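Model, not experiment: these values are computed from the prediction. In each ligand, atom 1 is the first atom listed, and ligand 1 is the first ligand listed. When reading the values below, keep in mind they use all heavy atoms of this one structure, side chains included, and skip hydrogens, waters and symmetry mates.
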Amino acid sequence: MATERITPSKILRGHPVIPGDKSISHRSLIFGALSNGETEITNLLESGDVQSTARCLTQLGVEIKKNKNSYLVKGLAGYNFRQSTEILDCGNSGTTMRLLMGVLASQNIKSTLTGDSSLIKRPMKRVSDPLALMGATFDLKDGNFAPLTIRGAKLNGINYELKIASAQIKTAIILAALNAEGTTQVTGEIHSRDHTERMLAHFGVKIKSDKTKVIIKGGQKLKGNKMVVPSDPSTAAFWLAAAALIPGSEVVMENISLNPSRTGFAEVLKRMTVQIKTQVTQMEPEPMGTVQAVYGNLKGVTVKPDEVPSLIDEIPLIAVLATQAHGITIVEGAEELRVKESDRLEAVAQNLRAMGAVIEVRPDGFKIEGPQKLKGTKIESFHDHRIAMAFSIAGLVAQGETEIIDSECVGISYPDFFKTLRELTR
Ligand code: S3P
């Protein structure tokens, strides 16, 4: 297990190049695999999670080739996966497992999916339930977990009301619906990230979506396309937060996804009185542009439940910011954090308390009153990349040295995180 040592930083400045968006990278590979013809992907995220998707697709018969500046996916011209002789190992990646459940539900093959010690503790019934209603058969460990087996079948479209605002569940249903008989309508909590809806249109699929529903007709074909993956706003968030925390700091980052379903963190920073400037450089198929942040004298904020999906992965960072903000910060409606790569509400509370901070943890969020002094200490990452990175940022404003235990887990989404941190604080 590797350990990284973080020391307080006087300033953070620079133009870090941010790697490709994780959600869009998974989808580019999967949609490319389902397409007629080839898909050329540039700026694909090269990280542990995306490798898990690429590895599983390869086992299912998809050819993925790396060229100098891009990846080429040879489409199977439909849902034509071959049965894998081995178990499909999704590693740490919930997105890999849940999206593959959606595509494999309509395949006339038997597939077994598993994952690492974190992924096999995360709930999967929320995905298998709607897919079973469509006609697939699942066998889940203890009725809810991986390892899980899917026996695909001819599916029928459904009307389904989503109870959890999860893009992974929504996408699994849409991917099953594409190869089902009839029309599928998803209603309820559909306001999670909408990359699937936007990208499927880019791959030639007719999909209708508005604030209340997504409608998709079965039997449609995807057409291979060129896909430029915008840079990941959840990764850029670490440097926005660091710049906001350290006096005199400034960062500028280009080609960042400005998809409105992902910009919640930047909006919260603005409410905390941080100067954030954005400039859109592209709208289709995914909005992206330049983001700049300058140090601000932070103020406490309240994050309401309807904002949570747009900043779901950035909440550990909001907790770190809250300790340095004047006044009270409250996050509500974030109970989903308890079933991420770790129980992120407990992980945040345990580590902030170890650094000497006071936090009130609630079933669906937390309350933190700032400003509070943080002291460097040993940080338990819980094998969770976002916890390791959020507490590295906390270490920049703590007194003394902060040790990030099991720091290699950052490779799940941002392998160059520590290298970039050293460059920006040099
Ligand atoms: C993701 C959706 C989010 C997010 C995860 C990636 C996706 O989860 O936390 O990191 O690519 O669809 P949910 O929307 O399922 O909560």
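With Thr196 as the fixed residue, the side chain to side chain contact (heavy atoms under 4.5 Å, CB included) test singles out one of Ile207, Ile24, Thr171: Thr171.
Checked by atom type, the side-chain pair Ser118/Glu341 shows no donor-acceptor distance below 3.5 Å. Counted by atom type alone, Arg262 and Ser310 present zero donor-acceptor pairs between their side chains at under 3.5 Å. Residues Ser70 and Thr42 have side chains that never bring a donor and an acceptor to within less than 3.5 angstrom of each other.
Near Ser23, meaning under 4.0 Å from one of its heavy atoms, ligand 1 places the atoms 1 (C), 6 (C), 7 (C), 11 (O). Atoms of ligand 1 lying under 4.0 Å from at least one heavy atom of Ala167, given by number and element, are 12 (O), 13 (P), 14 (O), 15 (O). The ligand atoms of ligand 1 that sit less than 4.0 angstrom from a heavy atom of Asp313 are 4 (C), 5 (C), 9 (O), 10 (O).
For Gln83, the CD atom sits in a packed shell: over 12 heavy atoms of surrounding residues, nucleotides or ligands are nearer than 6.0 Å. When the shell of 6.0 Å around CD of Glu423 is examined, it contains more than 12 heavy atoms from other residues, nucleotides or ligands.
Scanning all protein heavy atoms for the shortest distance to atom 15 (O) of ligand 1 gives Ser166 OG, 2.6 Å. At the shortest separation from atom 1 (C) of ligand 1 among protein heavy atoms lies Gln168 NE2, 3.5 Å. Here the heavy atom of the protein found nearest to atom 12 (O) of ligand 1 is Arg27 NH2, 2.7 Å. Scanning the protein for heavy atoms near atom 2 (C) of ligand 1, the closest one is Arg193 NE, 3.7 Å.
The aromatic rings of Trp239 and Phe417 lie parallel to each other, their planes meeting at an angle below 30°, with 60° marking the opposite boundary.
Ligand 1 lies nowhere less than 4.0 angstrom from a heavy atom belonging to His26. For Lys340, the heavy-atom gap to ligand 1 drops under 4.0 angstrom. Heavy-atom distances between Arg98 and ligand 1 stay at or above 4.0 Å for every pair.
Neither the backbone nor the side chain of His195 has a heavy atom within less than 4.0 Å of ligand 1.
With hydrogens and angles disregarded, a donor-acceptor distance shorter than 3.5 Å links the side chain of Ser261 to the backbone of Asp194.
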